[in-house]
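Indexing begins at 1, ligand by ligand and atom by atom, following the structure's order. The first residue of the sequence shown is numbered 1, and numbering continues consecutively from there. Heavy-atom basis, side chains included; hydrogens, waters and symmetry copies ignored.
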Amino acid sequence: SKLNILRYPDPRLHKVAKPVTVFDARLAKLVEDMAETMYDAPGVGLAATQVDVHERLMIIDVTEDKTGLRAYINPEIVWSSEEKQVYDEGCLSVPGVYDGVERPARVKVRALDVKGEPFEVEADGLLAVCIQHEMDHLMGKVFVEYLSPLKRNRIKTKMVKEEREIARDQ
Ligand SMILES: O=C(O)C[C@@H](Cc1ccccc1)C(=O)SCC(=O)c1ccccc1
Ligand SMILES: [Zn+2]
């Protein structure tokens, strides 16, 4: 079923996720529900933090035809390139905002799959950007924190105003 995505500046987006320790049917269902939520948004990634589940779990699918879904559990970056790249990032928790963020161009990440089996991915391009963006979510970080205080405050003000309008219409 579709889950509710927390919207910035909800304070729960700043909670630090805890490692996953139990690989059971609940976890598999959570991955399914997160995937349904992500494809519906639409998005190319989603961290458990964004659906108010504070466990170290993220899903990513950067393929055009939605055939590349992968769950990364207890992910850790084991190598990142010196070379950086600026990419126009978006965020399902900050709808309508896209802005340049500089990050290492390539990363090697180690994680467990939904069965608890370890795997490793070396990524570049959008996958590398997304892995780093989702892992920030698991650390309670939202990509607007890389922008200038002026830009961040304008975004915050706009989102709070929109939140009030949504509340008023209900
Ligand atoms: O908020 C999130 O974590 C999802 C976010 C991931 C992301 C996208 C691009 C750069 C960095 C991180 C999104 O998916 S935003 C939506 C988006 O970028 C997109 C949506 C549909 C097709 C392609 C991209
Ligand atoms: Zn995001």
Using a 3.5 Å distance criterion without hydrogens, assess whether the side chain of Thr49 forms a donor-acceptor pair with backbone atoms of Leu13. no

Hey, can you tell me if His133 and Phe143 have their rings parallel, tilted or perpendicular (30° and 60° cut-offs)? tilted

Polar contact flag for Cys130 and ligand 1 (N/O pairs, less than 3.5 Å): no

Near Glu120 CD, under 6.0 Å, is it more than 12 heavy atoms from other residues, nucleotides or ligands? yes

Can Met38 be said to touch ligand 1, with heavy atoms closer than 4.0 Å? no

From atom 18 (O) of ligand 1, work out which of Phe143, Tyr39, Tyr98 has a heavy atom at the shortest distance. Tyr98

Show the atoms of ligand 1 that are less than 4.0 angstrom away from any heavy atom in Gly43. 14 (O), 20 (C)

Is a side-chain donor or acceptor of Asp88 paired with a backbone partner of Gly100 at a separation under 3.5 angstrom? yes

Is it the case that the side chain of Glu36 and the backbone of Asp33 share a donor-acceptor pair, with hydrogens and angles ignored and the cut-off at 3.5 Å? no

Backbone or side chain, does any N or O of His133 fall under 3.5 Å from an N or O of ligand 1? yes

Nearest to atom 21 (C) of ligand 1 by heavy atom, Pro42, Cys91, Ala41: which? Pro42

What residue and atom, counting heavy atoms only, is the protein's closest point to atom 4 (C) of ligand 1, and at what distance? Gly45 O, 3.1 Å

Numbering as shown, the atoms of ligand 1 that approach His137 to under 4.0 Å (heavy-atom distance): 1 (O), 3 (O)

Tell me the protein heavy atom at minimum distance from atom 1 (O) of ligand 1, and give that distance in Å. Leu92 N, 2.8 Å

If we ignore hydrogens and angles and just use 3.5 Å, is the side chain of Arg7 paired with the main-chain N or O of Met159 as donor and acceptor? no

Any donor and acceptor pair, going by atom type alone, linking the side chain of Asp136 with main-chain N or O of Val142 inside 3.5 Å? no

Does Val129 approach ligand 1 within less than 4.0 angstrom via side chain, backbone, both or neither, non-hydrogen atoms only? side chain

More than 12 heavy atoms of other residues, nucleotides or ligands under 6.0 Å from CZ of Arg152: yes or no? yes

Could you tell me the angle subtended at the Zn ion (ligand 2) by SG of Cys91 and NE2 of His133, rounded to 10°? 120°

If you count the atoms of ligand 1 from 1 in the order shown, which ones are under 4.0 Å from a heavy atom of Gly90? 5 (C), 7 (C), 9 (C), 10 (C), 12 (C), 15 (S)

Checking Ser81 side chain against Pro104 main chain: does a donor-acceptor pair fall under 3.5 Å? no

Enumerate the atoms of ligand 1 whose separation from the nearest heavy atom of Glu134 is less than 4.0 angstrom. 2 (C), 3 (O), 4 (C), 6 (C)

Would you say Asn74's side chain and Ala111's backbone share a donor-acceptor pair under 3.5 angstrom? no

Please could you name the atoms of ligand 1 that Gln50 approaches to less than 4.0 Å, counting only its heavy atoms? 1 (O), 2 (C), 3 (O)

Please verify whether a non-hydrogen atom of Ala47 lies at under 4.0 Å from ligand 1. no

In this structure, atom 23 (C) of ligand 1 is nearest to the protein heavy atom Val44 CG1, 3.7 Å

